[in-house]
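Here is the structure we will look at.
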Amino acid sequence: MREQPILYIVIPCYNEQEVILYSAAKLKGKMESLLAKRQISRCSRICFVNDGSRDKTWELIRGLCSEDDSTFSAVSLAHNRGHQNAVTAGLLTVREYCDIAISMDADLQDDIDAIDEMVEKYRAGCNIVYGVRESRKSDSVFKRVTAQGFYRLMQALGADIIYNHADFRLMDKKALEAFAEYGEVNLFLRGIVPMIGLRHDCVYYERKERYTGQSKYPLTKMIDFAWQGITSLTNKPIGYIVRLGLIISIISGFVFLWSLVQYFRGMTIAGWTSLIISLWFLGGLIIFSVGIVGEYIGKIYIEVKRRPRFLIQDFIDSNARKSRSAVAGTAGTASAGKSSQTAETK
């Protein structure tokens, strides 16, 4: 059994002023419970990641850190970079100070009581623990059908994705170091993390209703996110275009033979409707296929630029201050020792 780890709970936040204080209180209670059970170290922190919020989210986070820096820490990005980049920024920032990190959303729809089991599975030897929804009873029929269809589609396209898992997961230092090696700009974490491998397990929970405020993922964003996942993880759609083109070419050969027969029979005018339908169908298919290929080319264009995925404007963390002080103290001692040694030599 592993010793008491330093846990960082990483919470990406974008315009979450309605829920931030409620979530902070609930998470602090969970941390105190874990400390009382001696499951985690007292150096553990709750780290909020401000993703360029336009409301009072960052002010409230700074207030929490100033009131209780032994529980809360914070990262503020220079501007809004999206949920996946915010999670990545938080994880890569705190990996230097923690043994394990758990990422979850600010609305706490993911069950914080599952954290206990996650930590237990880590202490039993797991490097990654996935939080998986037991059911989708709380979702609307439309969202349930589309979400389940998305996971099945991703698996059919060959993506190694955990069914009904979002971004509620535990990663230990080894997994975080491995994750840092993945440098792509087009991020889809629920597909990238399973690529790491290592020893992993799942914790099952029931997702709760949002406490207050509105979801930051309306239908349009969900569609964009799904498309990002498909085009970031697999190039199979291009392969399907090739196969579809081959099938259409074979069909067109039969159509050609049929047209030739009709010509010699003197019945060429009868095929006008089917010709128009075929032209519109093939024209639309060509445009759609070129669009998919263009999407991949666009992603290559963004990747080769090697722009930073995020820029950190502020990092508030008492552990980081202690670490810097210790390094400064060591450097000062070494410098003093060197001066003393030089004086003695002279």
Report task. Go through the steps to decide whether I316 and R62 satisfy the test side-chain contact (heavy atoms from CB on, under 4.5 Å), and finish with yes or no. Result -> CA-CA 8 Å; I316 305 171; R62 282 192 305 179; 3.9 Å; yes
Query raised in the report: Would you say L176 and D172 make side-chain contact, with heavy atoms under 4.5 Å?
Result: no
Query raised in the report: When you measure from the side chain of D55 to the backbone N and O of T57, does any donor-acceptor pair fall under 3.5 Å?
Result: yes
Query raised in the report: Is there a donor-acceptor pair under 3.5 Å between the side chain of R81 and the backbone N or O of D51?
Result: no
Query raised in the report: Is the shortest distance from a Lys or Arg side-chain nitrogen in D116 or K37 to a carboxylate oxygen in the other one below 4.0 Å?
Result: yes
Requested in this report: Report yes if some heavy atom in the side chain of M104 is under 4.5 Å from a heavy atom in the side chain of I115; otherwise report no.
Outcome: yes
Query - Any residue meeting ring-ring contact (aromatic ring centres under 6.0 Å, His included) with Y8, in chain and number order, not counting sequence neighbours - result: none
**Report entry** Heavy-atom side-chain proximity of D105 to P12 below 4.5 angstrom
**Finding:** yes
Report task. Could you check N164 against E134 for side-chain hydrogen bond (donor to acceptor under 3.5 Å, both in side chains), going step by step and ending with a plain yes or no? Result -> CA-CA 8 Å; N164 274 343; E134 196 135 30; over 6 Å; no
Would you be so kind as to tabulate the donor-acceptor pairs closer than 3.5 Å made by side chains of residues 191-203, with sequence neighbours excluded?
| unit_1 | atom_1 | unit_2 | atom_2 | d |
| --- | --- | --- | --- | --- |
| H200 | ND1 | L198 | O | 3.1 |
| D201 | OD2 | K121 | NZ | 3.0 |

Query raised in the report: With a 4.5 Å heavy-atom cut-off, do D99 and Y122 have their side chains touching?
Result: yes
Requested in this report: May I ask you to decide whether E206 forms a salt bridge with R133, counting only side-chain N to carboxylate O separations under 4.0 Å?
Outcome: no
Requested in this report: Flag the pair C47 / V75 as yes when at least one side-chain heavy-atom distance between them is below 4.5 Å, and no otherwise.
Outcome: yes
Query - Any side-chain heavy-atom pair of N127 and K173 under 4.5 Å - result: no
Query - C43 backbone acceptor or donor facing R45 side chain under 3.5 Å - result: yes
